[in-house]
**Student:** 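I have a structure here, written as structure tokens, and I will follow up with some questions on it.
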Amino acid sequence: MTAAPTDLQETPDPEFPEMPGGPGGLRLDRPEVADGAALWRIARDSAVLDLNSSYSYLLWCRDFAGTSAVARTADGRAVGFVTAYLRPDRPDTLFVWQVAVDADQRGHGLAARLLDALTARVTAEHGVTAVETTITPGNTASERLFTSYARRHGASVEREVLFATGQFPDGPHDPEVLYRIGPVSP
């Protein structure tokens with residue numbers, strides 16, 4: 001179920017004014033190093049995402065905070081995130097690494113709000129014209145999130161296998177399908 005517009009309390013954050021609050025008074029802003037453990041927990045609890053080391057989430061919150069976003073409750077607890085980076089060889093392309101939302105926050109459109117707000121900010125700051133991500137076949141929630149994102153932004157979606165099953169050295173892994181979305185508009 002998607003929250004009705006009247007259910008979405010707008011609470012601007014002065015440090016991240018482009019990312020108004022979400023359902024239940026959530027605040028959207030940039031992650032901080034202190035959020036690394038919470039992002040790791042949210043990814044682990046998703047039971048869908050590849051779980052990276054806790055160290056990588058700490059580094060992500062330090063080095064890629066400018067191209068990532070976190071949703072917080074009124075008491076500051078992280079309940080959702082998007083990690084992303086600008087591709088070094090294509091600085092106009094935002095690659096979305098992971099999107100995850102705590103189970104008790106799902107069904108309110110929070111992942112879409114995080115993705116929309118983050119790409120609007122990064123587009124304004126860096127001139128992003130395309131968004132990329134990879135999705136494993138059968139991850140219906142991610143497929144819906146990114147295809148609906150493309151529709152909302154009037155962009156096309158191209159798909160191709162980026163990494164085939166046999167390329168993963170650590171055992172069986174589904175292929176990672178690259179979704180290239182663009183051109184995007186804020």
**Student:** Measure the OG1-CD1 distance between T140 and I135 for me, rounded to the nearest 0.5 Å.
**Tutor:**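 The CD1 atom of I135 is 10.0 Å from OG1 of T140, to the nearest 0.5 Å.
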**Student:** What's the separation between atom OG1 in T67 and atom CG in L86, rounded to the nearest 0.5 Å?
**Tutor:**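 CG of L86 is found 5.5 Å from OG1 of T67.
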**Student:** If only atom types and distance count, is the side chain of Q105 paired as donor or acceptor with the main-chain N or O of D102 below 3.5 Å?
**Tutor:**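 Judged by distance alone, no pair lies under 3.5 Å.
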**Student:** Hey, does the side chain of T83 reach the backbone of S68 with a donor-acceptor pair shorter than 3.5 angstrom?
**Tutor:**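 Side chain of T83 to backbone of S68, a donor-acceptor pair under 3.5 Å: no, none is there.
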**Student:** Looking at A37 and L58, what are the two nearest heavy atoms and their distance?
**Tutor:**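 The answer is N-CD2, 4.2 Å.
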**Student:** Between F81 and D35, is any pair of side-chain heavy atoms under 4.5 Å apart?
**Tutor:**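 F81 vs D35: side chains apart.
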**Student:** Taking the side chain as every heavy atom from C-beta outward, state whether T93 and V131 have any pair of such atoms under 4.5 Å apart.
**Tutor:**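 In short, these two side chains do not touch, never coming nearer than 4.5 Å.
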**Student:** About how many Å separate NE2 of H153 and CG of L115, when rounded to the nearest 0.5 Å?
**Tutor:**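 Going from the CG atom of L115 to the NE2 atom of H153 covers 7.0 Å.
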**Student:** Under the criterion side-chain contact (heavy atoms from CB on, under 4.5 Å), which of I181, V177, V96 is the partner of T133?
**Tutor:**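 Checked I181, V177, V96 against T133; only one passes side-chain contact (heavy atoms from CB on, under 4.5 Å): V96.
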**Student:** Flag the pair T136 / H173 as yes when at least one side-chain heavy-atom distance between them is below 4.5 Å, and no otherwise.
**Tutor:**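 Answer yes - side chains close enough.
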**Student:** Within the 4.5 Å heavy-atom criterion, are L28 and L118 side-chain neighbours or not?
**Tutor:**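 Of all side-chain heavy-atom pairs linking L118 with L28, none is under 4.5 Å.
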**Student:** If you compare all heavy atoms of P183 against all heavy atoms of A155, which two are closest, and at what distance to 0.1 Å?
**Tutor:**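 Answer, listing the atom of P183 first, then A155: O-CB, 3.2 Å.
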**Student:** Any heavy-atom pair between the side chains of E176 and F168 that's under 4.5 Å?
**Tutor:**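 Contact flag for F168/E176 side chains = yes.
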**Student:** Do T119 and Y149 have side-chain N/O donor and acceptor atoms under 3.5 Å apart?
**Tutor:**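 Yes, because at least one side-chain N or O of T119 sits under 3.5 Å from a partner of the opposite role on Y149.
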**Student:** Got a second to check how far R121's CZ is from D116's CG, nearest 0.5 Å?
**Tutor:**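 Answer rounded to 0.5 Å: 13.5 Å.
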**Student:** Please tell me if the side chains of Q98 and I42 come closer than 4.5 Å, counting only heavy atoms from C-beta onward.
**Tutor:**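 Result no, sub-4.5 Å side-chain heavy-atom pair not found.
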**Student:** Looking at R144, I'd like to know if its CZ atom is crowded, meaning that more than 12 non-hydrogen atoms belonging to other residues, nucleotides or ligands lie closer than 6.0 Å.
**Tutor:**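 Not more than 12 within 6.0 Å, no.
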**Student:** Taking side chain as C-beta onward, heavy atoms only, is F95 less than 4.5 Å from T134?
**Tutor:**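 Yes, at least one pair of side-chain atoms sits under 4.5 Å.
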**Student:** Check the orientation of W60 and W97. Use parallel for under 30°, tilted for 30 to 60°, and perpendicular for over 60°.
**Tutor:**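 The arrangement is tilted - the two ring planes meet at 30° to 60°.
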**Student:** Measuring from R159:CZ to T147:OG1, what's the distance to the nearest 0.5 Å?
**Tutor:**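 With rounding to 0.5 Å, CZ (R159) is 6.5 Å from OG1 (T147).
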**Student:** Examine distances only and state if a side-chain atom of R106 and a backbone atom of V101 form a donor-acceptor pair shorter than 3.5 Å.
**Tutor:**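 Yes: the side chain of R106 pairs with the backbone of V101.
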**Student:** Distance-only, no hydrogens or angles: does the S46 side chain make a donor-acceptor pair with backbone N or O of A43 under 3.5 Å?
**Tutor:**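 Yes.
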**Student:** Between CG of D50 and CZ of R44, what distance do you get to the nearest 0.5 Å?
**Tutor:**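 Going from the CG atom of D50 to the CZ atom of R44 covers 15.5 Å.
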**Student:** Over all heavy atoms of both residues, which pair between P137 and P175 is shortest? Give the atoms and the distance, please.
**Tutor:**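 Looking at all heavy atoms of both residues, the closest pair is CD-O, 3.2 Å.
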**Student:** What are the two closest heavy atoms between S56 and S53, and how far apart are they?
**Tutor:**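 Result for this residue pair: OG-O, 2.7 Å.
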**Student:** F146, V161: one ILVMFWY side-chain cluster at the under-4.5 Å cut-off?
**Tutor:**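 Both belong to a single hydrophobic cluster.
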**Student:** Which pair of heavy atoms, one from G66 and one from V122, lies closest together, and at what distance?
**Tutor:**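 Looks like O-CG2, 4.0 Å.
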**Student:** Do D29 and V70 make a side-chain contact, defined as non-hydrogen atoms from C-beta onward lying under 4.5 Å apart?
**Tutor:**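 They are in contact (side-chain heavy atoms under 4.5 Å apart), so the answer is yes.
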**Student:** In this structure, are over 12 heavy atoms from other groups packed under 6.0 Å from F163 atom CZ?
**Tutor:**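 12 or below, so no.
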**Student:** Shortest non-hydrogen contact from R90 to E132?
**Tutor:**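 Scanning both residues, the minimum pair turns out to be NH1-OE2, 3.5 Å.
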**Student:** Do V157 and V128 land in one hydrophobic cluster if side-chain heavy atoms of ILVMFWY residues count as linked below 4.5 Å?
**Tutor:**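 Yes, it is one cluster - the side chains of V157 and V128 are joined through contacts under 4.5 Å.
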